[in-house]
**Q** 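Pasting a structure below so you can have a look.
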Protein chains: 2
Amino acid sequence: MTTAGSESRPTRQQEPCRTREVLDIVGDKWSLLVVRNLSQGPLRFTELKRAIDGISQRMLTVTLRSLERDGILTRTVRNVMPPHVSYELTPMGKTLRQATAPLLEWSITHLTHIDAARATYDARPDTSPT
Amino acid sequence: MTTAGSESRPTRQQEPCRTREVLDIVGDKWSLLVVRNLSQGPLRFTELKRAIDGISQRMLTVTLRSLERDGILTRTVRNVMPPHVSYELTPMGKTLRQATAPLLEWSITHLTHIDAARATYDARPDTSPT
DNA sequence: CGGCATCCTCCAAGATACTG
DNA sequence: CAGTATCTTGGAGGATGCCG
């Protein structure tokens, strides 16, 4: 059995990038916004729509479906008139929220720095056309 | 001056979503892959291209430029023949890498669960057409 | 109210070819 | 080797209209 990790390759490969899979799940434009807005408790469709500025009805639906499919949140329908549908993070959804927190922290801490870096970069002479 | 935080609004708004800005920086298809591959030290262009399977020359260039502009990594040119260009994470880039680690962890831990959730969802009767 | 179906637009990203 | 330039396309995402 020569199967197990014979690390003879000089190539610097870590495990085949889960990175890609994470991005497939929450790397789109709206998913993390939805998760974030649900972190304080369940919300209804229209409440979410109002909370997430700029999202279209379609994209909210699509995003919610995707997150529901992935087990990140649950969709609860109360069959009344008018309809009442609420969305809530699953336990796994909450752990996801936890996992994204550091990244949020990071952005808050470094956004200024990044803006500065951009300004510097854009001011470079070698970037501008001759 | 009524500027300071008068939190009278009943709306459940946290701070105006940095989430979006993070995604603008690293939410695209390749950025995090690049960052991840550079986390163990500097690499040259072609080394990166080989390491990140499926990336095109163009997208690697574009991604690297963007990350350089944001101050996530540095580009170092040695003017020899043949050309030698290497990319390395800045200190800020390394903190970014740290910040994404939990999310990576999360995906590794939960991907199986997610697959299961998807299977369950797809097996639902109400999803299939009549 | 909370969707789904349809149409349309636009740009991210791939393929290819050329250059310093 | 490390790019840039150009062309092209798929699909993400917006707008609108109808339905239970």
Side-chain angles (χ1 to χ4, degrees), chain A residues 17 19-20 23-34 37-38 42-70 73-88 121 124-130, chain B residues 17 19-20 23-34 37-38 42-70 73-88 121 124-130:
Chain A
C17 31
T19 309
R20 208 168 246 136
L23 291 178
D24 279 350
I25 298 167
V26 294
D28 66 286
K29 199 175 174 184
W30 304 107
S31 288
L32 283 185
L33 262 345
V34 169
N37 275 279
L38 288 179
L43 284 180
R44 300 177 57 177
F45 187 88
T46 9
E47 290 172 334
L48 272 172
K49 178 143 169 34
R50 262 199 309 268
I52 305 175
D53 199 69
I55 197 172
S56 66
Q57 211 161 34
R58 189 181 112 81
M59 282 321 294
L60 182 53
T61 304
V62 170
T63 304
L64 286 170
R65 283 292 178 279
S66 170
L67 292 172
E68 186 195 2
R69 189 171 105 99
D70 290 347
L73 53 79
T74 58
R75 175 170 180 269
T76 308
V77 184
R78 267 199 277 155
N79 228 343
V80 295
M81 236 349 234
H84 184 117
V85 181
S86 74
Y87 295 87
E88 182 171 18
Y121 184 94
R124 282 187 183 174
D126 41 283
T127 330
S128 50
T130 321
Chain B
C17 32
T19 309
R20 206 168 248 137
L23 291 177
D24 279 350
I25 298 168
V26 294
D28 67 285
K29 199 174 175 185
W30 303 109
S31 288
L32 284 185
L33 262 344
V34 170
N37 275 279
L38 288 179
L43 284 179
R44 301 177 56 177
F45 187 88
T46 8
E47 291 172 332
L48 272 172
K49 178 144 170 33
R50 262 198 309 268
I52 304 174
D53 199 69
I55 196 171
S56 66
Q57 211 159 32
R58 182 178 174 280
M59 282 320 294
L60 182 53
T61 305
V62 169
T63 304
L64 286 170
R65 281 292 179 278
S66 169
L67 292 173
E68 185 196 2
R69 187 170 106 100
D70 290 347
L73 53 79
T74 58
R75 176 171 180 269
T76 308
V77 184
R78 266 200 275 154
N79 228 344
V80 295
M81 233 358 229
H84 183 118
V85 181
S86 74
Y87 295 88
E88 182 171 17
Y121 185 95
R124 281 186 182 176
D126 42 283
T127 331
S128 49
T130 320

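Here the structure is a predicted model, which is why all the values come from computation and not from measurement. Just so we're on the same page: letters track the sequence lines, and every chain starts at 1.
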**Q** Polar atom pairs between nucleotides 10-14 of chain C and protein, under 3.5 Å, N or O only, would you list them?
**A**
unit_1: C/dA13; atom_1: N7; unit_2: B/Arg58; atom_2: NH1; d: 3.3
unit_1: C/dG14; atom_1: OP1; unit_2: B/Lys29; atom_2: NZ; d: 3.3

**Q** Side chains of A/Trp30 and B/Arg20, heavy atoms from C-beta outward: is any pair under 4.5 Å?
**A**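 Yes; the side chains approach each other to less than 4.5 Å.
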**Q** Between A/Val85 and B/Met81, which is nearer to the 5' end of DNA chain C once each is assigned its nearest nucleotide?
**A**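 The residue closer to the strand's 5' end, by nearest nucleotide, is A/Val85.
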**Q** Could you work out, with salt bridge (charged side-chain N to carboxylate O under 4.0 Å, His left out) as the rule, every residue matching B/Arg69, not counting sequence neighbours?
**A**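 Partners of B/Arg69 by the salt bridge (charged side-chain N to carboxylate O under 4.0 Å, His left out) criterion, ordered by chain and then number, come out as A/Asp122.
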**Q** Are any non-hydrogen side-chain atoms of B/Leu48 and B/Tyr87 less than 4.5 angstrom apart?
**A**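 Yes. Closest side-chain heavy atoms under 4.5 Å.
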**Q** According to the side chain to side chain donor-acceptor pair (under 3.5 Å) rule, which pairs have a member within residues 52-62 of chain B, sequence neighbours left out?
**A**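 Non-adjacent pairs meeting side chain to side chain donor-acceptor pair (under 3.5 Å): zero.
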**Q** Taking for each residue the nucleotide of DNA chain C with the nearest heavy atom, is it A/Arg65 or A/Pro82 whose nucleotide lies nearer the 5' end?
**A**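 Between the two, 5'-proximity favours A/Pro82.
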**Q** Going by the rule salt bridge (charged side-chain N to carboxylate O under 4.0 Å, His left out), which residues pair with A/Arg44 if we only count those two or more places apart in sequence or in a different chain?
**A**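 Expected list: none.
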**Q** Test of understanding: with side chain to side chain contact (heavy atoms under 4.5 Å, CB included), list the residues that count as partners of B/Thr74, not counting sequence neighbours.
**A**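 For B/Thr74 the side chain to side chain contact (heavy atoms under 4.5 Å, CB included) partners, ignoring immediate neighbours, are B/Thr76, B/Glu88, B/Thr90.
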**Q** Are A/Leu67 and A/Ser31 side-chain neighbours, meaning at least one heavy-atom pair lies under 4.5 Å?
**A**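 Yes, close enough: below the 4.5 Å cut-off.
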**Q** How many angstroms lie between CZ in B/Arg65 and CG in B/Leu73, if you round to the nearest 0.5 Å?
**A**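 Rounded to the nearest 0.5 Å, the CZ-CG separation comes to 10.0 Å.
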**Q** Could you tell me the boundaries of the chain A footprint on DNA chain D, defined by atoms under 4.0 Å from its heavy atoms?
**A**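 With heavy atoms of chain A under 4.0 Å away, the range is D/dG13 to D/dG20.
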**Q** According to a strict under-4.0 Å criterion, is A/Arg75 in side-chain N/O contact with OP1 or OP2 of C/dG3?
**A**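 For C/dG3, OP1 or OP2 has a side-chain N or O of A/Arg75 closer than 4.0 Å.
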